[in-house]
Amino acid sequence: MIEYLIGKVTELNPTYCVLEASGVGYFLNISLLFYESLQNVSGESLCKIYVQEIIREDSHDLYGFKDKSERESFRMLIGVSGVGPNTARLILSSLSPDQLESAISSGNEIPLKSVKGIGGKTAQRIIVDLKDKIKRGVTSLNLSVPVSGATFNDAAAALVMLGFSMQQSQKALTKVFAEDASLTTEQAIKRALKLL
């Protein structure tokens, strides 16, 4: 799994960029907000882009993010039933992670419904599914479980890569870490698989 890439942006478009790292060009789907910040990067500057891999039967796509908070917002959104990677990217093209968090935590559908393709039902589902996972100022995937967020997030991402939804993965991991908060990522995944 790729955590991030450091390299030079050799091609930049509103929906994607190509990042050359160690002689390999990576095609990364990006949000419009990230595109705007990448426009300020000169061609020779090294750029660090956080990555989320989406592996399907017929494709292996990479999504690039400015920082971890944008990536966490993306991961949470794709965990909502009916919200795929492209819809999540569209939402993050219209709303910053802070704006998204604010809309969800306050139950305000209007900013979500202003995104093309997001209707009232989808906006409500996003708010209902994610409201408990949002803590003001902090994107929280650990649902108040006393465990390192990185361990929880890595385990959740691994389970998603194995084909489980983000919501299923988080639910199983919450139970697993509630029993033993000192688990490593590998141990957590193995225990969660028994519950899924």
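Everything quoted here is computed from the prediction, not taken from an experiment.
- For the residue pair Met76 and Leu130, the shortest heavy atom distance occurs at O-CD2, 3.6 Å.
- To the nearest 0.5 Å, atoms OG1 (Thr185) and CG (Leu173) are separated by 9.5 Å.
- Phe34 and Phe65 have their aromatic ring centers separated by at least 6.0 angstrom.
- For the pair Met166 and Ala156, the tightest heavy-atom approach, listed with the atom from each and the gap, is SD-CB, 3.9 Å.
- The backbone N or O of Asp98 sits nowhere less than 3.5 Å from a side-chain atom of Ser102 that would complete a donor-acceptor pair.
- Both Leu62 and Leu38 are part of a single hydrophobic cluster, where members link through side-chain heavy atoms under 4.5 Å apart.
- Across every non-hydrogen atom of Gln187 and Thr184, the tightest pair is OE1-N, 2.9 Å.
- What you find for Ser31 and Ser93 is that their closest heavy atoms are CA-OG, 3.4 Å.
- With a 4.5 Å cut-off on side-chain heavy atoms, Gln39 and Val41 do not count as touching.
- Remark: the Asp180 side chain and the Ser182 side chain contain an N/O donor-acceptor pair separated by less than 3.5 Å.
- Qualifying side chain to side chain contact (heavy atoms under 4.5 Å, CB included) partners for Ala88, counting only residues two or more places apart in sequence or in other chains: Phe74, Leu77, Ile78, Val83.
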*Take Arg89 and Thr15 through the side chain to side chain contact (heavy atoms under 4.5 Å, CB included) test and state the conclusion after the steps.*
CA-CA 9 Å; Arg89 178 175 59 162; Thr15 57; 3.9 Å; yes
*Let me see the working for Leu112 and Leu95 under side chain to side chain contact (heavy atoms under 4.5 Å, CB included), right down to the final yes or no.*
CA-CA 8 Å; Leu112 289 166; Leu95 305 171; 4.1 Å; yes
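- Placement of Tyr63 and Ile6 within a single hydrophobic cluster is found when ILVMFWY residues are connected by side-chain heavy-atom separations under 4.5 Å, directly or transitively.
- For residues 2-13, the salt bridge (Lys or Arg N to Asp or Glu O under 4.0 Å) pairs, not counting sequence neighbours, are Glu3-Arg71, Lys8-Glu44.
- Side-chain polar atoms of Ser73 and Glu101 form no donor-acceptor pair below 3.5 angstrom.
- Side-chain contact between Gln124 and Thr122 is absent, with no heavy atoms from C-beta onward closer than 4.5 Å.
- Relative to the ring axis of Tyr4, Lys48 places its NZ or CZ within 45° and under 6.0 Å from the centre.
- Shown here for Phe164 and Ser169, the closest heavy-atom pair between the two residues is CB-OG, 3.6 Å.
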*Just do the side chain to side chain contact (heavy atoms under 4.5 Å, CB included) check on Leu92 and Leu33 with the steps written out, would you?*
CA-CA 7 Å; Leu92 291 173; Leu33 294 177; over 6 Å; no
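- The two residues Ile49 and Cys17 have their closest heavy-atom pair at CD1-SG, 4.0 Å.
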*Tell me, with the steps shown, if Ile126 and Ile91 meet side chain to side chain contact (heavy atoms under 4.5 Å, CB included).*
CA-CA 11 Å; Ile126 290 169; Ile91 292 169; 3.8 Å; yes
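- Legend: residues meeting side chain to side chain contact (heavy atoms under 4.5 Å, CB included) with Leu5, ordered by chain and number and at least two apart, are Ile2, Leu19, Tyr26, Leu28, Val51.
- Each salt bridge (Lys or Arg N to Asp or Glu O under 4.0 Å) pair with one or both residues in residues 102-125, not counting sequence neighbours, appears once here: Glu109-Lys113.
- If you take CD1 on Ile55 and CG on Asp61, they are separated by 9.5 Å, rounding to the nearest 0.5 Å.
- Contact of the Gln167 side chain with the Val80 side chain is not registered, since no non-hydrogen atoms from C-beta on lie closer than 4.5 Å.
- The hydrophobic clustering, which links ILVMFWY residues whose side-chain heavy atoms are closer than 4.5 Å, places Leu32 and Val18 apart.
- Under the 4.5 Å side-chain heavy-atom criterion for ILVMFWY residues, no single connected hydrophobic cluster contains both Leu90 and Tyr16.
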Less than 3.5 Å apart, which donor and acceptor atoms pair up between the side chains of residues 188-196 and the rest of the protein, not counting sequence neighbours?
from	atom 1	to	atom 2	distance (Å)
Lys190	NZ	Glu186	OE2	3.3

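- Residues meeting the side chain to side chain contact (heavy atoms under 4.5 Å, CB included) test with Ser106, sequence neighbours left out: Asn108.
- Remark: side-chain polar atoms of Gln99 are paired, donor with acceptor, to backbone N or O of Ser96 under 3.5 angstrom.
- Criterion: ILVMFWY side-chain heavy atoms under 4.5 Å apart, direct or through other members. Under it, Tyr50 and Leu46 are part of a common hydrophobic cluster.
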